[in-house]
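Just so it is clear, the model here is predicted, and its values are computed rather than measured.
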Amino acid sequence: LSTDKTVKVLNILEKNIQDGSKLSTLLNHNNDTEDEERLWRDLIMERVTKSADACLTAVNIMTSPNMPKAVYIEDVIERVIQYTKFHLQNTLYPQYDPVYRVDPHGGGLLSSKAKRAKCSTHKQRVIVMLYNKVCDIVSSLSELLEIQLLTDTTILQVSSMGITPFFVENVSELQLCAIKLVTAVSTF
């Protein structure tokens with residue numbers, strides 16, 4: 001592909017990333033029936049998954065060998081980071097570590113040990129798939145940092161995204177990816 005076409009593809013991918021970058025997957029509509037809530041959750045997870053695929057595609061393009069400088073579009077990189085941070089904090093951490101869950105009913109105060117003791121380890125297949133894609137995105141971002149110099153604000157976002165997984169339980173694969181990311185950040 002020519003550089004112009006590659007840049008156009010990245011701009012289209014950015015729009016797809018933006019579509020799912022602020023969608024919360026933790027729905028709890030009290031007025032909806034169980035079927036309605038399941039349908040909404042499926043629709044939202046489809047959009048979130050599509051955005052994760054767009055993130056992976058964009059980062060894979062940018063980390064490909066011999067890419068021209070025009071391909072490293074700052075807006076696309078920032079959108080990938082924004083998507084990843086949002087879904088780590090609002091989708092994956094609450095699913096994998098009960099300490100990060102918010103009680104929708106404003107229930108009693110439980111200690112973190114009590115929350116973890118009551119937690120079920122069963123995860124939906126789509127959540128596991130999203131987790132694996134986010135791990136791949138974090139790994140690819142560490143490769144991108146070795147290729148392209150990023151702005152200070154972007155580096156701050158990436159470094160906070162790389163450090164947070166070490167305070168979350170049950171995300172060992174993500175922690176391994178975060179080690180690569182933090183190492184890449186520290187080389188600046």
Discussion item. Regarding Arg41 and Glu37, does a basic nitrogen lie under 4.0 Å from an acidic carboxylate oxygen?
Written reply: yes
Over all heavy atoms of both residues, which pair between [X] and [Y] is shortest? Give the atoms and the distance, please.
X	Y	value
Ser159	Val185	CB-CG1, 4.0 Å
Asn16	Ala54	CB-CB, 3.8 Å
Ser21	Tyr83	CA-CD1, 3.6 Å
Tyr100	Phe167	OH-O, 3.2 Å
Leu88	Pro94	O-CD, 4.1 Å
Ile17	Ala58	CD1-CB, 4.5 Å

Discussion item. Looking at Lys8, I'd like to know if its NZ atom is crowded, meaning that more than 12 non-hydrogen atoms belonging to other residues, nucleotides or ligands lie closer than 6.0 Å.
Written reply: no
Fill in: Flag if over 12 foreign heavy atoms under 6.0 Å of CD, Gln89
yes
Short side-chain to backbone donor-acceptor contact, [X] and [Y], under 3.5 Å:
X	Y	result
Ser51	Gly20	yes
Thr57	Asp53	yes
Asn132	Val128	yes
Arg47	Leu23	no
Gln175	Val168	yes
Tyr93	Pro98	no

Can you tell me how far the [atom1] atom of [X] sits from the [atom2] atom of [Y], to the nearest 0.5 Å?
X	Y	atom1	atom2	answer
Cys55	Ile81	SG	CD1	10.0 Å
Met161	Ile137	CE	CD1	9.0 Å
Leu150	Glu78	CG	CD	9.0 Å
Arg79	Asn11	CZ	CG	11.0 Å
Asp97	Asn170	CG	CG	6.0 Å
Met45	Arg125	CE	CZ	10.5 Å

Are any non-hydrogen side-chain atoms of [X] and [Y] less than 4.5 angstrom apart?
X	Y	value
Gln148	Met67	no
Glu146	Thr63	no
Thr49	Lys133	yes
Tyr72	Leu144	yes
Leu181	Val158	yes

Polar side chain donor-acceptor pair, [X] to [Y], under 3.5 angstrom:
X	Y	answer
Ser142	Ser139	no
Thr164	Lys85	no
Tyr131	Glu173	yes

Worksheet entry | Candidates Thr91, Leu56, Leu92 - the one meeting side chain to side chain contact (heavy atoms under 4.5 Å, CB included) with Val134 | Leu92
Fill in: Option from Val80, Ile77, Asp75, Val9 for which side chain to side chain contact (heavy atoms under 4.5 Å, CB included) with Glu14 holds
Asp75
Linking I/L/V/M/F/W/Y whenever their side-chain heavy atoms sit closer than 4.5 Å, directly or via other members, would [X] and [Y] fall into one cluster?
X	Y	value
Ile12	Leu1	no
Leu174	Met129	yes
Phe86	Leu43	no
Ile61	Leu141	yes
Ile147	Leu13	yes

Fill in: Evaluation steps, salt bridge (Lys or Arg N to Asp or Glu O under 4.0 Å), between Arg38 and Asp42
CA-CA 6 Å; Arg38 185 182 51 78; Asp42 289 348; 3.6 Å; yes
Worksheet entry | Trace of the side chain to side chain contact (heavy atoms under 4.5 Å, CB included) decision for Gln82 with Lys22 | CA-CA 9 Å; Gln82 175 189 7; Lys22 293 288 185 184; 3.2 Å; yes
Practice prompt. Check the pair Ile155 / Leu145 against side chain to side chain contact (heavy atoms under 4.5 Å, CB included), numbers first and verdict last.
Written response: CA-CA 9 Å; Ile155 293 295; Leu145 284 173; 3.6 Å; yes
